[in-house]
Structure formats: C-alpha cells, structure tokens
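Before any comments, here is the structure.
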Amino acid sequence: MRGLMADPYDPQAIEQRWQQRWLEEGTYEVDNDDPRPPLYVLCMYPYPSGPAHMGHVRNYTFGDLIVRHRTMQGYGVLSPIGFDSFGLPAENAAIKTNVHPRQFTDERIGELTASLRGIGAAYDWRREVRSHDPHYMRWTQTIFLRFLEAGLAYRSNAPVNWCPGCHTVLANEQVLADGTCERSGDVVTRRDLEQWFFKITDYADELLADLDQLDWPERVKVMQRNWIGRSEGAEFDLPIEGHDGRSLRVFTTRPDTSFGMTYCVLAPEHPLALEITSPERRAEVERFIEAVGMTSDIDRLSSEGPLDKRGVFTGASAVNPFNGQPVPIYLADYVLGTYGTGAIMAVPAQDQRDWDFATAYDLPIVRTVQPPGGWDGEAYTGDGPAINSEWLDGLGVVEAKAKAIDWLEEQGIGKRKVNYRLRDWLLSRQRFWGCPIPVVHCPDDGVVPVPESDLPVLAPDDVEFTPSGESPLRQHQGFLQVTCPKCGGPAERETDTMDTFVDSSWYFLRFTDPANEGAPFSKEAVERWMPVDQYIGGIEHAILHLMYARFFLKALGDVGLAPTSVREPFRRLFTQGMIRMGGSKMSKSKGNLVAPSHYLETVGADALRLFHLFVGPPADDVDWTDQTEEIIEGCARFLKRVWRLATEPEKVAADPQAVDRAAHRLIARVSGEYERWSYNTAVAGVMEFTNLLSKEGVTDFAVDTMLLVMAPMAPHLTAELWERRHGGHIHEQRWPEADPAMLTITSTTMVVQVNGKVRDRIDVDPAVDGPEAERLALASAKVQELLHGRPPQKVIVRPPKLVNVVV
RNA sequence: GCCCGAGUGGCGGAAUGGCAGACGCGGAGGCCUCAAAAGCCUCUACUCGAAAGGGUGUGUGGGUUCGAGUCCCACCUCGGGCACCA
C-alpha cells in the first residue's frame with residue numbers, strides 16, 4: 001500500500017485542492033445552535049489594501065492554528081472574517097485615478113480574500129462583513145442614532161486637530177506625541193470647528209476599572225490606563241481681587257499644599273484671561289495670547305525654550321482662601337485650556353514646573369511639606385509632614401489632603417473632583433469614503449435624525465473627488481438638499497462621515513448574527529458568543545481600536561441594543577510582533593514589502609506558515625534578513641521530510657514501544673505549548689520527533705501522532721497525508737491525548753556535581769530514592785578521585801535529577 | 001524625566017533555581033553521483049591541549065543559595081509607551 005503513495009510532495013496541488021474542499025464543504029462554518037461548546041476566536045479584521053502582506057500572514061496563521069486546534073479539541077469555534085473597508089487610501093486613489101472608491105475597495109477585497117484563502121486560513125465565510133456594505137452601514141447608522149438619542153453622541157464647537165494632508169479632522173488618539181498625524185505624518189494644526197463627538201468620557205471610570213478583569217498583555221493595559229489618566233484631587237474657587245464676586249476655579253491633586261500657593265496660572269485661552277487683566281498690562285497680555293495662539297502644538301508641548309517668555313503677569317490677584325493672602329495671577333502656556341479648569345494654583349515648593357516658573361519670575365517659594373533630611377533638590381513631591389500650613393501641620397500627605405478637601409466642602413468653596421486625561425471621541429470626518437452621519441440640519445428644528453426606516457443613508461456615486469477640506473458630499477446638491485423629516489421644510493443633510501473606528505467598534509458583534517435584518521444583532525447571539533475568547537492583532541491598536549470597542553459594547557448595552565451581561569468585548573488579547581526590515585516596520589508606505597505570494601508559488605503555504613510559527617516567540621518582532629529566505633527553505637525541507645516519513649518510510653521501528661512512548665511525550669509537549677503560545681518550541685518538538693523517526697524507524701501510531709499534532713500548523717499537508725492513510729478529514733479527528741502510562745520513562749540521566757560543577761552522569765531508575773542516589777553518586781570514580789578520601793561536607797540529593805557533593 | 005520590556009554562539013532562538021546553547025539557519029568534512037541538484041551521515045560557544053582532559057562563558061558589578069541565564073540590589077545598552085495633565 002505504501003509503495004503506491006510514493007509520489008513527491010507537491011504543495012501547490014495539495015493546497016489548492018484542500019482549500020477548495022474546506023470552502024465547498026463548509027468545514028469551518030458554525031451555526032448559532034451548534035451543539036458543541038462555543039468558542040470565539042478572532043483576528044482583527046483587515047483594511048483591504050490588496051493582496052495579503054507578511055504581517056497578515058503572521059496574524060492569520062496564529063489565528064488559524066488556534067481555530068483548528070480548538071476545533072479538534074471539540075469546540076464549535078466561531079471563526080469569522082471581514083473587511084474594514086472604509087478609509088482614506090481608497091478615496092486618495094479615487095482623487096488620483098478617478099476610480100470610484102467602491103470599485104477600488106471591492107477589487108482590493110477580492111485580492112485579499114484570495115490570499116487569505118491561499119494561506120489556508122479557515123473561516124465561516126457566510127459571516128463575512130464589510131464596513132461599506134449598505135447592510136452593515138444601516139446598522140452603524142442605527143447605532144449612531146441610538147447614541148444620539150441617549151445623549152452619547154453630541155455636536156460641539158471645539159478646537160480640533162486638523163490634518164492638512166488628510167484634509168480632515170482627527171481624533172486625539174490619531175495625533176502622535178510629536179503633534180503629527182499618525183497616518184500621513186503631517187503636522188496637525190488647531191481649528192475651531194463644529195464637530196460630532198461620542199461621550200466616551202462618561203465611561204472613563206468603567207473603562208479603567210474593567211481593565212483589571214481582562215487577560216490582556218500588561219503593557220496594553222498600562223497604555224490604556226495612561227491614556228485614561230485618572231487623577232483625584234479637588235476643585236475650588238478663589239475670589240479675584242477688585243472684580244466683585246468673580247472667582248477663579250482651579251483644579252489640584254495636592255490640596256494639602258494649598259498654604260504654599262504663591263501665585264495662580266491661567267491657560268492663555270482661559271475665558272477670564274482678558275477680563276481680569278489690568279489696563280496697564282493689557283497690551284502685553286494680548287501680545288502673549290496672540291503669540292501662544294500662533295505657536296504650533298509641537299512647540300507649545302515641548303519643554304524647551306526660555307521660561308521667562310512663556311508666561312505673563314495679568315496685573316490681577318486672587319485670594320488664597322486657606323490663608324486669606326492675595327496671590328498674583330499669571331498666564332502661561334504650560335497650563336492647558338482643555339484639562340481640568342484651565343487654571344491652577346501654583347505651589348512651587350512641591351511642583352517642579354511651578355518651581356521653574358517661580359524662579360524665572362522671581363516669585364516666592366514656601367515649603368509646606370517637610371523634605372527628608374539631606375534633601376538638596378528643588379520641588380519636593382514626596383511624602384512628609386505638613387509645615388507652614390496652620391491646621392494641617394504635622395499631617396502626612398494623605399491625611400492632609402483629606403482634611404483640606406473636607407475643609408473646602410465645609411466652607412462651600414470647593415469639592416472633591418476626579419479628572420481624566422481622556423477626552424470625548426471626535427468621530428466626524430470631512431471625507432467621502434466613510435459611513436454618512438444620518439442626520440439632517442433644519443433651520444427650524446436643528447439637528448433632526450434621519451428616520452430609521454430611511455436608513456441607510458448612502459452617498460451618491462457621482463461626486464467630485466477633490467480634496468477641499470469639506471466632504472465632497474457638500475458639493476453634491478442632490479445629496480445635500482433634503483426636506484426636514486420633522487417639519488417637511490427645506491433642510492440640509494449632514495455631509496460629514498464617521499471615523500472608520502466606528503465601523504470597527506462593533507463588527508465583532510455583527511459576526512455573531514450577520515444576517516439579522518431586524519437589528520444589528522440579537523442579544524441571544526451576542527450572549528452565546530461574546531466576549532471573544534481569543535482576540536489577535538497588532539500592538540498598534542493598543543489604544544485606539546481596543547479602547548473604542550470597549551466603550552462601544554458598554555454603551556450599546558446601556559442603550560438597550562446589546563445585553564448588559566457582557567461589558568467587555570475581548571476576554572483574552574494577544575498582540576503579535578510586527579515584521580521589520582532594515583530596522584523599520586515592513587509596510588507598503590515604506591516600500592519594503594516582501595510579498596507572500598512568491599512563497600506560496602515556491603515552497604507553499606504550509607512552509608510559510610511553519611516559518612512564522614518557528615522563527616521566534618509570536619509576541620516578538622521578526623527581522624526580515626538575508627537569512628530569512630534560508631530559514632523558510634529549511635521549513636520546506638522539514639515538510640518534505642514529514643511527507644517522506646508518512647509515504648515511504650525508510651525503516652520500521654525496531655523498538656516500537658520506545659517510538660510510541662516518544663509519540664506520547666510529543667503529544668504532551670505540543671499540547672502544552674499550544675496552550676501557552678509557544679509555537680516556536682512546538683515546531684522544534686515535532687522536528688526533534690522526525691529526527692527520532694528517521695533514526696529509529698516509524699510506527700503507524702507515531703506517524704499518525706505526528707500528523708495530528710501538526711494539523712493546526714500545516715493543515716494542507718497533514719490533511720492530504722491523513723486522507724491517504726485513513727480517508728476522511730484530519731481536522732475532524734479528536735485532538736490526541738497522551739497516555740500517562742506511556743509518559744513514564746524507564747531510565748534517566750542523573751547529574752553528579754562536586755561543588756556545583758558537573759563531574760559525572762549516571763543512568764538511574766527514575767524512581768530512585770535519595771539514599772540510593774547518594775550512594776550511587778559517591779561511588780562514582782570521578783567523585784572519589786576529587787574527594788581524595790576526604791568525607792563530603794554536605795550532599796544535596798534531588799533524585800532522580802541531581803546530586804551535588806560539597807567538600 | 002517617568003513607566004514597561006529585552007540583552008544568551010557567526011545568526012533566529014531553547015532552558016518549573018538543578019547538564020546553558022534544544023530546534024533551525026549558516027559553516028566544515030564525508031557518503032551517494034561521471035558530475036550536479038536533491039537526499040543522507042558526522043562535527044560546529046570560546047579557549048589551553050596531539051589526545052585524554054582542563055579552564056572560561058548568558059550586558060557590567062555586587063548579593064542570596066549547596067547550586068543563578070533564571071531570584072534580589074546598583075549600573076550600562078537597546079526597544080516600546082508616556083511626558084508641561086496641575
């Protein structure tokens with residue numbers, strides 16, 4: 001029988017055949033009433049930029065391994081895929097080549113779909129969603145309207161981030177720390193515009209608290225905690241001298257240091273800034289405000305530059321309510337208008353920024369926390385007893401804070417207050433290729449939602465794609481001019497579209513119930529599958545997508561669309577490493593892409609998958625180097641060897657017991673390594689096993705075991721070999737379990753050390769007891785030689801692994 | 001500046017406090033072949049030695065321990081995140 005199978009390994013033929021079968025037979029389709037225990041495994045759905053790149057291959061290989069492994073373990077695994085198909089590249093292509101973004105996008109989806117199938121990834125294709133599909137848009141818009149109704153979506157005139165390259169506003173999350181656009185790299189400028197926001201700040205506390213229950217990489221959680229930036233403190237009012245009844249409200253995290261306040265600072269954009277300025281200071285203050293307004297955010301945020309040019313005295317004073325002392329009011333660019341109250345009390349003795357400013361402007365410094373002995377620094381921010389603080393003296397920071405806040409509340413001039421760095425999510429974009437915001441602006445009725453029966457609002461096809469800073473929809477009279485759904489009078493449609501992060505904030509919910517025509521999804525479907533048991537994607541989404549999606553699920557629950565029993569979308573998250581080349585991320589824009597298609601045509605998909613699994617820990621970055629090609633060749637070589645062992649083994653095991661025992665050890669090893677994402681060592685384990693089979697000969701059980709444990713890694717090759725050997729699908733086989741009786745070993749090597757150095761190795765029975773192990777060790781000729789007849793000082797015995805003789 | 005993470009052969013990387021370098025790549029030698037490709041076998045951390053055998057070795061310096069790549073302290077380098085958030 002074996003002789004008949006002896007044809008060479010032909011990856012292309014095998015891969016094509018099996019991919020077609022998985023698709024036609026719906027092998028990985030799973031229904032919502034599937035009797036198997038449910039498990040939801042999801043890779044972040046891709047932006048369709050054309051054929052898959054190496055990053056995709058890596059991501060979807062990990063996902064596919066889990067899907068196939070868990071399916072073999074008996075789970076009914078939900079493994080959907082879709083496309084994040086709105087976005088700027090399609091629109092930019094339209095501007096350049098005049099191809100409609102839909103056509104452009106659909107073509108790219110076709111290419112990406114083909115390459116996802118080409119790597120052998122298993123999906124329930126019936127559940128595919130596309131952000132730009134009207135059936136999906138309808139529900140994106142419905143969700144928006146529900147949020148609007150609930151007050152979670154609102155319109156506001158605000159200083160916003162404007163990207164001149166993308167011709168649109170951006171969310172704070174899309175502006176990098178250096179003030180540039182994360183997408184185009186252009187320097188982002190500030191503009192005051194009327195924009196749409198989601199009230200994510202309402203969920204700041206819950207978003208922060210719920211992080212604790214997530215099985216996510218710690219660094220992602222840390223990034224989200226930093227981004228939310230919760231800080232506890234107090235707000236209170238300071239009367240402004242000479243401005244009857246006017247007061248200044250400040251936020252501080254250190255109310256305990258209030259007696260040390262020696263001046264106040266307003267942000268230059270603070271509404272009171274000009275009002276309180278004394279006539280003789282007016283000209284200078286106006287000049288300062290104008291200068292700051294012209295400074296780019298980059299310069300303003302940098303701590304560079306002479307401090308004495310970064311602030312100005314207003315001529316006004318406020319009264320410190322703690323001690324009744326007047327303090328001068330300054331403006332300074334280091335105080336932000338958008339955080340807290342836009343005004344601070346300055347306590348230079350306990351805040352280094354205030355210290356620096358006070359020194360530059362010759363303002364007094366009064367310590368109110370006693371620094372430790374020998375302190376020779378400037379501002380002291382640590383703990384210590386309060387001093388120079390009347391009724392707070394002697395208290396530690398924590399107690400003094402509490403007492404100061406109690407006092408403010410008793411006096412009715414202040415209160416406990418929590419502030420967040422997190423801002424509301426700016427979701428409107430002045431672009432065409434996104435989901436239209438479904439409202440109408442009526443001169444009489446204001447913002448009127450489009451009735452749900454009229455959804456989806458679809459953009460017309462005949463628009464001019466010229467970047468103007470306004471959505472191209474604004475120029476399209478047929479789209480723009482409507483009658484008000486409320487009063488029937490003439491009105492204008494909203495022409496802004498939604499940030500594509502809106503689409504990706506709920507797609508994983510639609511996957512649970514993709515054909516639902518009456519709702520975005522049913523609560524039953526969501527309750528069955530959610531939360532996602534394993535989410536897999538890139539670290540670059542640590543804040544943006546992963547924060548927005550968390551917010552969405554909570555908000556969807558609160559507006560009654562999603563069940564309130566599920567508050568977090570992704571139970572476990574894995575962030576895989578990125579592919580780098582020459583030190584930088586491999587990407588289309590950097591022009592350093594290595595196309596996977598080349599490898600599919602040469603070594604085949606299984607070999608490429610195996611490479612990604614083998615090259616290193618999945619969480620680590622991969623450097624694409626001159627050596628990479630050779631490692632891929634090595635993986636292909638290994639698969640050929642597997643093929644030969646299964647089709648034309650050179651010898652049959654002389655000691656089948658020993659080989660079968662090794663097979664059981666392999667099962668135990670690989671099973672454990674799959675659980676803990678140690679795919680590189682799992683591949684190494686199988687390689688070791690094939691080395692053993694080549695040397696010792698095969699048994700049927702050993703070959704079957706090898707194929708079964710490899711089935712999630714190299715699905716095509718193993719499927720083909722299994723069918724030839726047994727008929728049927730390998731991926732429908734039960735995941736093998738190691739027989740504990742076969743895991744016991746009959747002999748093991750015990751290491752004998754003298755003073756911690758290995759001096760001898762002795763084969764022993766694994767069940768050897770301590771005294772016997774010690775006897776054997778001391779009887780060793782090598783040990784005797786080194787002891788020179790002296791008695792050992794001490795003998796550490798750890799049977800059956802090791803004996804250490806100390807002299 | 002602050003917070004994470006990581007430093008192991010020529011390279012990618014393995015090692016519940018117990019044989020450092022599994023597995024693979026590359027390299028050297030050999031078998032097969034008229035020759036090559038493919039495949040197979042052996043060796044491959046550094047160092048002394050002809051060999052047997054010895055010494056050294058996981059970024060640096062200390063410490064804990066019978067025993068440290070692994071735990072603790074300090075430092076260096078690289079990568080990532082945050083950075084006037086009061």
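Chain naming here is simple, since letters A, B, ... match the order of the sequence lines and numbering starts at 1 in each.
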Protein-nucleotide distance ([X], atom [atom1]; [N], atom [atom2]), rounded to Å:
X	N	atom1	atom2	value
A:Lys221	B:G81	NZ	C1'	17 Å
A:Lys757	B:G53	NZ	P	17 Å
A:Ile543	B:C82	CD1	C1'	9 Å
A:Met223	B:C3	CE	C1'	12 Å

### Message
What does the B/S/- profile of nucleotides 4-15 of chain B look like, 5' to 3', with a 4.0 Å heavy-atom cutoff to protein?
### Response
------BBBSS-
### Task
Do nucleotides 39-44 of chain B as a string where each nucleotide becomes B, S or -: B if the base has a protein heavy atom under 4.0 Å, S if just the sugar-phosphate does, - if no protein is that close.
SS----
### Query
Is the NZ or CZ atom of A:Arg580 both under 6.0 Å from the centre of the six-membered ring of A:Trp624 and within 45° of that ring's axis?
no
### Query
With a 4.5 Å limit on heavy-atom distance, are the side chains of A:Phe611 and A:Tyr599 in contact?
no
### ring pair (Phe, Tyr, Trp, His ring centres under 6.0 Å) evaluation trace for A:Tyr679 with A:Phe614
CA-CA 7 Å; A:Tyr679 302 142; A:Phe614 181 62; over 10 Å; no
### Query
Touch check for A:Gly634, heavy atoms < 4.0 angstrom, all strands: base, sugar-phosphate only, or nothing?
sugar-phosphate
#### Entry: Separation between OG1 of A:Thr262 and CG of A:Asp354, rounded to the nearest 0.5 Å
8.0 Å
### Query
Closer than 4.0 Å, any side-chain N/O of A:Lys782 to the OP1 or OP2 of B:G54?
yes
### Task
Verify the contact: side-chain N or O of A:Tyr339 to OP1 or OP2 of B:A86, cut-off strictly under 4.0 Å; return yes or no.
yes
Can you tell me the pairing partner of [N] across any strand shown, Watson-Crick or G-U wobble, with both distances under 3.5 angstrom?
N	value
B:U42	B:A28
B:A74	B:U60
B:A35	none

So which protein nitrogen or oxygen atoms get under 3.5 Å of nucleotides 61-66 of chain B's nitrogens or oxygens?
residue	atom	partner	partner atom	Å
B:C66	OP1	A:Lys794	NZ	3.4
B:C66	O2	A:Asn804	ND2	2.6

### Query
Taking the chi torsion of B:G7, is it syn (within 90° of 0) or anti (everything else)?
anti
### Query
Taking the side chain of A:Glu688 as heavy atoms from C-beta outward, which of B:C82, B:A22, B:A86 is closest to it?
B:A22
